[in-house]
Protein chains: 2
Amino acid sequence: MNSQFKKGILELLVLNMLKKSDCYGYEIVNKISITISISEGTIYPLLRRLKTDGYVTTYLSESTEGPPRKYYHLSDKGIIEHDKLKGEWDTFSDGVNILLGEEL
Amino acid sequence: MNSQFKKGILELLVLNMLKKSDCYGYEIVNKISITISISEGTIYPLLRRLKTDGYVTTYLSESTEGPPRKYYHLSDKGIIEHDKLKGEWDTFSDGVNILLGEEL
DNA sequence: TATAGTACCTTGTTAAACAAGATACTGTGT
DNA sequence: ACACAGTATCTTGTTTAACAAGGTACTATA
């Protein structure tokens, strides 16, 4: 998997997951990596950035299956950021596909 | 335009242009930036990398409109790299769209 | 002569993904 | 009691590519 392709997109994918429901980090890693290979060393720092930027809030929740889980909840600011990023991704991927599809 | 989104993709876009015909750097910048904003400071180093990696060869050609143009020609190795990157992009963008489209 | 357009290049900065670790809790098998 | 797998968190240092902001130099027009 080309690591460079993921730059910036993983943030959108995480925000998109959180828009549907609160999630914890390990869960996010596992769900996304079914489709796109990612590592914990990528997601945990990303989640920290999202919190620093005010896009998410966090809370701890006990688990019977291991250590406590840190859940992430999308803030109003995070929803705005999600929608903005989603629009940018659509514009960008359309642009790429136009350029790739242009005939000689 | 989100700079992060472009990571790795610009290489594919340049290889894709060169697969159709030889081009010079300034031309590549102008054609791509109709659709996706890019700067010369990105493309010239990228072209240098492509040459270092053996994906392109170069030759100079006089111009009546300014200084000589450095044309880039895709090598066999470059064609292979193009096709590989194209496949990775298709897989990746499909994956992103699947994840973004998943229902709650 | 000076400005705009063409065409090349470089340096230093920034940002994000990653590998490779560390820590610690729960549950299962021996 | 002990080891191990699975769950769950985190950090440090490295790598890579895009970018801003410059510089150089040629042609053409005013």
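Chain letters run A, B, ... following the sequence lines, proteins first and then strands; every chain starts at 1.
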**Item:** Rounded distance (Å) that lies between atom C1' of C/dA24 and atom CD of A/E62
**Value:** 13 Å
**Prompt:** B/L100 and A/I79: same hydrophobic cluster, using ILVMFWY side-chain contacts below 4.5 Å?
**Reply:** yes
**Message:** Tell me whether the rings of A/W89 and B/F5 are parallel (<30°), tilted (30 to 60°) or perpendicular (>60°).
**Reply:** perpendicular
**Basic-acidic side-chain contact under 4.0 Å: A/R69, A/D22** = no
**Prompt:** Which nucleotide, C/dT6, D/dC19, C/dT10, lies nearest any side-chain atom of B/L10?
**Reply:** D/dC19
**Request:** Check whether any side-chain N or O of A/K7 sits under 3.5 Å from a backbone N or O of B/G8 as a donor-acceptor pair, and report yes or no.
**Result:** no
**Message:** Just the rounded figure in Å: distance from C1' of C/dC8 to CG of B/L46.
**Reply:** 16 Å
**Phosphate-side-chain proximity, B/R48 and C/dT10, N/O vs OP1/OP2 below 4.0 Å** = yes
**Asked** Quick one: B/I28 CD1 to C/dC9 C1', roughly how many Å, whole number?
**Response** 15 Å
**Request:** Let me know the distance between OH of B/Y44 and P of C/dA7, rounded to the nearest Å.
**Result:** 8 Å
**Prompt:** Can you pull the side chain to side chain donor-acceptor pair (under 3.5 Å) pairs that have at least one residue in residues 40-51 of chain B, sequence neighbours excluded?
**Reply:** B/S39-B/T42, B/K51-B/T58
**Request:** Report yes or no: is there a donor-acceptor pair, N or O only, under 3.5 Å between the side chain of B/E40 and the base of C/dC8?
**Result:** yes
**Item:** OP1 or OP2 of D/dA8 under 4.0 Å from side-chain N/O of A/Y24
**Value:** yes
**Asked** What does B/T42 touch in the nucleic acid at a heavy-atom separation under 4.0 angstrom: a base, only the sugar-phosphate, or nothing?
**Response** base
**Complete:** By nearest-heavy-atom nucleotide on DNA chain D, the more 5' of B/I38 and A/E65 is A/E65
**Request:** By nearest nucleotide on DNA chain D, pick out whichever of B/K7 and A/R69 is the more 5' one.
**Result:** A/R69
**Nearest-nucleotide comparison on DNA chain C, the residue closer to the 5′ end among A/T64 and A/S37** = A/S37
**Fill in**
In whole angstroms, the gap separating P of D/dA8 from OH of A/Y71 amounts to 8 Å
**Message:** Regarding A/G41, tell me which of base, sugar-phosphate or nothing describes its non-hydrogen contacts under 4.0 Å with the strands shown.
**Reply:** base
**Prompt:** CG of B/L47 versus P of C/dA7: gap in Å, rounded?
**Reply:** 14 Å
**Request:** Please determine if a side-chain N or O atom of A/S63 lies less than 4.0 Å away from the OP1 or OP2 oxygen of D/dA8.
**Result:** yes
**Request:** Check the distance between D/dA17's C1' and B/L12's CG and give it to me in whole angstrom.
**Result:** 15 Å
**Item:** Nearest-Å distance for atom pair NZ/C1', residues B/K6 and D/dC19
**Value:** 9 Å
**Prompt:** Does OP1 or OP2 of D/dT9 have a side-chain N or O of A/Y26 closer than 4.0 Å?
**Reply:** no
**Message:** Quick check on D/dT16: is either OP1 or OP2 less than 4.0 Å from any side-chain nitrogen or oxygen of B/R49?
**Reply:** no
